[in-house]
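Everything below concerns the one structure shown next.
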Amino acid sequence: MKFILGTKQQMTQVFDEQGRVTPVTVINAGPLTVTQVRSEEKDRYAAVQVGFGSRKAKNASKALRGHLAKAGKNEDSFAVIREFKSNEPLEVGGTIDVSTFAEGDTVQVSGISKGKGFQGVVKRHGFAGGRRSHGQKHSEREPGSIGATANQRVLKGVRMAGRMGGERVTVIKLKVVKIDAANNQLYVSGAVPGRRGTVLEIIAK
């Protein structure tokens, strides 16, 4: 299974040989360093733990610094450490970069969406709001009836106003349009969750 971590940069567009335009998101992806390899015999599941980015070693715990020393990370630490299920024959200290992907690969991208704060039902759930007819007053963006209130309480799952965004979102069936190995960049079709700088997980499907 192909996978990599990256940070969202910006959106742009790419033209193909026929002159057709494709909107893409530019992602600074990798390189990753393998920090631990889990096996069925020892850990009861197969996975690979990787580190991405960098931060000062003083901001990491002593236990984490000792753990990362096995991967040759002595002077500084990783900004992000994630684990992916994988049976690939990787070794601690090895690297993973964008060259593992190929143009045309189908991928899914996961990340934390933009936080929108406290929002009403029109923006949060797409409600139509009240009628704009004569006699209506201040009801354009109200939720209207919330249905039966058994036992004089609001039932669980009723769509109402509340905090919006800031959740893990996965976008599937995206295409790798272009790979810039020199700059460690992936050009992925369409939009992906988060703001600029959001850490993304890219997994080939």
Side-chain angles (χ1 to χ4, degrees), residues 1-14 16 21-55 60 64 67-68 70-73 77-116 164-205:
M1 182 179 72
K2 301 177 185 178
F3 60 86
I4 201 166
L5 293 172
T7 54
K8 179 178 179 178
Q9 296 306 304
Q10 74 272 350
M11 290 197 71
T12 184
Q13 53 190 18
V14 173
D16 61 12
V21 65
T22 302
V24 296
T25 302
V26 182
I27 303 173
N28 282 349
L32 309 182
T33 301
V34 178
T35 57
Q36 188 176 5
V37 178
R38 299 189 182 274
S39 62
E40 293 281 356
E41 298 77 16
K42 185 177 180 181
D43 304 291
R44 298 185 180 180
Y45 70 100
V48 177
Q49 184 188 91
V50 294
F52 171 66
S54 63
R55 63 172 174 172
L64 181 59
H67 174 66
L68 297 179
K70 300 175 183 178
K73 202 77 170 176
S77 179
F78 293 108
V80 180
I81 296 177
R82 297 282 170 86
E83 191 171 279
F84 297 88
K85 290 186 177 181
S86 175
N87 291 310
E88 297 293 329
L90 299 172
E91 297 182 356
V92 175
T95 59
I96 301 172
D97 55 27
V98 294
S99 62
T100 59
F101 290 84
E103 293 183 4
D105 282 350
T106 301
V107 298
Q108 71 175 34
V109 181
S110 302
I112 303 299
S113 63
K114 290 181 180 180
K116 304 291 185 179
M164 180 182 177
E167 301 174 334
R168 181 179 170 87
V169 176
T170 299
V171 183
I172 63 174
K173 295 182 180 179
L174 300 179
K175 294 279 187 184
V176 176
V177 177
K178 179 182 175 183
I179 298 175
D180 186 354
N183 297 310
N184 294 318
Q185 289 183 335
L186 285 178
Y187 290 70
V188 178
S189 64
V192 300
R195 55 171 177 77
R196 294 190 182 191
T198 296
V199 176
L200 302 171
E201 298 177 8
I202 302 103
I203 302 175
K205 290 293 184 180

Mind checking the CD1-NE2 spacing from I81 to H67? Nearest 0.5 Å is all I need. 6.0 Å

Test your reading of the model: is there a side-chain donor-acceptor pair from T35 to the backbone of Q49, 3.5 Å cut-off? yes

Listed by chain and number, what are the side chain to side chain donor-acceptor pair (under 3.5 Å) partners of D105, not counting sequence neighbours? K2

Pairing residues for K85 by the side chain to side chain donor-acceptor pair (under 3.5 Å) criterion, not counting sequence neighbours: none

Any residue meeting ring pair (Phe, Tyr, Trp, His ring centres under 6.0 Å) with F3, in chain and number order, not counting sequence neighbours: F84

To the nearest 0.5 Å, what is the distance between CG on L186 and CD1 on I179? 6.0 Å

Interatomic spacing from OG1 in T33 to CZ in F78 - rounded to 0.5 Å: 4.0 Å

What one should report as the nearest heavy-atom pair of A46 and N87 is CB-OD1, 2.9 Å

T7 versus G197, closest heavy-atom pair with distance: CG2-O, 4.0 Å

May I have the list of side-chain donor-acceptor pairs in residues 198-205 shorter than 3.5 Å, sequence neighbours left out?
from	atom 1	to	atom 2	distance (Å)
T198	OG1	R195	N	2.9
T198	OG1	R195	O	3.0
E201	OE1	R168	NH2	3.2
E201	OE2	R82	NH1	2.7

Which pairs would a plain distance check flag for residues 21-28, meaning a side-chain donor or acceptor within less than 3.5 Å of a matching protein atom at least two apart in sequence or in another chain?
from	atom 1	to	atom 2	distance (Å)
T25	OG1	G190	O	2.6
N28	OD1	Q185	NE2	3.0

Report the C-alpha distance between L90 and I96 in whole Å, list the side-chain angles of each, state the deciding distance to 0.1 Å, and finish with yes or no for side chain to side chain contact (heavy atoms under 4.5 Å, CB included). CA-CA 9 Å; L90 299 172; I96 301 172; 3.9 Å; yes

Could you pull out all donor-acceptor pairs under 3.5 Å where a side-chain atom in residues 108-115 meets a protein atom, sequence neighbours excluded?
from	atom 1	to	atom 2	distance (Å)
S110	OG	T170	OG1	2.8
S113	OG	G166	N	3.2
S113	OG	E167	N	3.2
S113	OG	E167	O	3.3

Enumerate the residue pairs fulfilling salt bridge (Lys or Arg N to Asp or Glu O under 4.0 Å) with a member in residues 172-187, sequence neighbours excluded, ordered by first and then second residue. none

What salt bridge (Lys or Arg N to Asp or Glu O under 4.0 Å) pairs are there with at least one residue in residues 36-54, not counting sequence neighbours? R38-D43, R38-E83

S86 and V48 have their tightest heavy-atom pair at CB-CG2, 3.9 Å

Nearest heavy atoms of L32 and I4, plus distance in Å: CD1-CA, 3.8 Å

Checking D97 now: which residues fulfil side chain to side chain donor-acceptor pair (under 3.5 Å) with it, not counting sequence neighbours? S99

